[in-house]
Number of protein chains: 2
Amino acid sequence: MKPVFHPDIEDVAPADVFAALADPIRLGILIALAEVSEVDKARCSHFTALASPSLLSYHFAKLREAGITRMRVEGTSRYLSIRRDELNQRFPGLIASVIETARRDPNLPRLGPEWLSGSDEA
Amino acid sequence: MKPVFHPDIEDVAPADVFAALADPIRLGILIALAEVSEVDKARCSHFTALASPSLLSYHFAKLREAGITRMRVEGTSRYLSIRRDELNQRFPGLIASVIETARRDPNLPRLGPEWLSGSDEA
DNA sequence: TTCGAAATTCAATGATCGTTGAAATAAACC
DNA sequence: GGTTTATTTCAACGATCATTGAATTTCGAA
């Protein structure tokens, strides 16, 4: 269980952040994460509507290595969240306008509401 | 003299914008453009400190095709500017925080002050 | 009309990208 | 132990990328 690498936020370069955002699936993940991060119900397997498991794993790694998301390991599951505070400290205002921008694109892949608010361990 | 293609701002997708921003040279161009756009002294050949002419041409096209910059043709010269108003209408706040973000990266290639404020046809 | 400057185009390169499907890990549960 | 579930890793593919240098286009000026 190697503990998953997260870059120090100070080591993240703007060009790397933008590269990580330059993909529709990753923007779809980001939109979904922005709508669910409060309840931390963002398990990786909840995103299977967006891509196959192996492709998701690839995209999750891109977001994580670019410093955009954090991945918490718990048993065999992984939970994602946006590194909002750190991103705001390093790039003030950026992540909010990025999310707003992504949100406005109707062509981005999306998770239905059943994935965002549903209870699954009730 | 084909009139240079500029995409309608409504046809620009967020992922394309981010892809265009995912390069240090293009971010360097954007920073320089942001500091000089008032006086429209942003002729293409002013950027030769950032890359060779042919490579610059390539990067200019990327920025233009992503809807980020506008290119005005005048004789054999071309003048660049950021499509601020249109970008703000389509993606409110985005371009400002992108520029702020780029500005903070000390590792991005930059134009010296002699290129930004100097008079060259005196 | 020839010359020179500004910029683009083209072909070629090696690198990285997104995607697939199969195989490997790794923890949880019987 | 053996099985199931969650996720990653790996090898492969075609596509796109950034970069180079040489050739070309386009216009202004002498």
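Values in this document were obtained by computation on a predicted structure and should not be read as measured data. Computation of the quantities below employed the complete heavy-atom set of this structure, encompassing side-chain atoms and omitting hydrogens, waters and symmetry-equivalent molecules.
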Asks: Look at the side-chain N and O atoms of B:Ser45 and state whether any lies under 4.0 Å from the OP1 or OP2 oxygen of C:dA5.
Replies: no
Asks: In whole Å, what is the span from the CZ atom of B:Phe5 to the P atom of C:dT8?
Replies: 16 Å
Asks: Using the six-membered ring wherever Trp is involved, compare the ring planes of B:Phe60 and B:Phe47 and label them parallel, tilted or perpendicular (cut-offs 30° and 60°).
Replies: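 Perpendicular, since the angle between the ring planes exceeds 60°.
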Asks: Looking only at the side chain of B:Ser54 (C-beta and beyond, no hydrogens), which of the listed nucleotides C:dC17, D:dT20, D:dT7 gets closest?
Replies: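 Closest nucleotide to the B:Ser54 side chain: D:dT20.
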Asks: Quick check: on DNA chain C, is the nucleotide nearest A:Gly75 upstream (toward 5') of the one nearest A:Ala19, or the reverse? Name the residue that is more 5'.
Replies: A:Ala19
Asks: Taking CG from A:Leu50 and P from C:dT20, how many angstroms apart are they, rounded to a whole number?
Replies: 13 Å
Asks: Considering only side-chain heavy atoms of A:Ser77, which listed nucleotide, D:dT7, D:dT9, D:dG21, is closest?
Replies: D:dT7
Asks: Expressed in angstrom and rounded to an integer, what is the separation of B:Leu56 atom CG from D:dA18 atom C1'?
Replies: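 Roughly 13 Å, once rounded to whole Å.
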Asks: For B:Ala51 and A:Ser57, find the nucleotide of DNA chain D closest to each by heavy atoms; which residue's nucleotide sits nearer the 5' end?
Replies: A:Ser57
Asks: Whole angstrom is fine here: how far is it from OH in B:Tyr79 over to C1' in D:dC27?
Replies: 13 Å
Asks: Looking only at N and O atoms, is any donor in the side chain of B:Thr76 or the base of D:dG28 less than 3.5 Å from an acceptor on the other one?
Replies: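 Side chain to base: no pair present.
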Asks: Can you check the B:Leu55 CG to C:dC10 P distance for me, whole Å?
Replies: 17 Å
Asks: Let me know the distance between CZ of A:Phe47 and P of D:dT7, rounded to the nearest Å.
Replies: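 Roughly 10 Å, once rounded to whole Å.
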Asks: Output yes when a side-chain donor or acceptor of B:Arg64 lies under 3.5 Å from a complementary backbone atom of B:Phe5, and no otherwise.
Replies: yes
Asks: Return no unless some side-chain N or O of A:His59 is found under 4.0 Å from OP1 or OP2 of C:dC17.
Replies: no
Asks: Is there a donor-acceptor pair closer than 3.5 Å between any side-chain N or O of A:Thr101 and the backbone N or O of A:Ser97?
Replies: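 A pair under 3.5 Å: yes.
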Asks: Of the listed nucleotides (D:dA22, D:dT19, D:dT8), which one gets closest to any side-chain atom of A:Met71?
Replies: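 Looking only at side-chain atoms, A:Met71 lies closest to D:dT8.
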Asks: Taking any heavy-atom pair under 4.0 Å as a contact, classify A:Ser52: base, sugar-phosphate, or nothing.
Replies: nothing
Asks: So, is B:Arg78 near the phosphate of D:dT26, with a side-chain N or O under 4.0 Å from OP1 or OP2?
Replies: no
Asks: Could you tell me the separation between the CD atom of A:Glu74 and the C1' atom of C:dA27, rounded to a whole number of Å?
Replies: 12 Å
Asks: When all nucleic acid strands are considered with a 4.0 Å heavy-atom cut-off, which category describes B:Ile25: base, sugar-phosphate, or nothing?
Replies: sugar-phosphate
Asks: Do NZ/NE/NH1/NH2 and the carboxylate oxygens of A:Glu86 and A:Arg90 come within less than 4.0 Å?
Replies: no
Asks: Would you mind checking if B:Arg43 and B:Glu74 are paired as a salt bridge, meaning a charged N to carboxylate O distance below 4.0 Å?
Replies: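 Salt bridge absent between B:Glu74 and B:Arg43.
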Asks: To the nearest Å, give me how far apart CG (B:Asp23) and P (C:dC17) are.
Replies: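 My rounded result for the distance is 13 Å.
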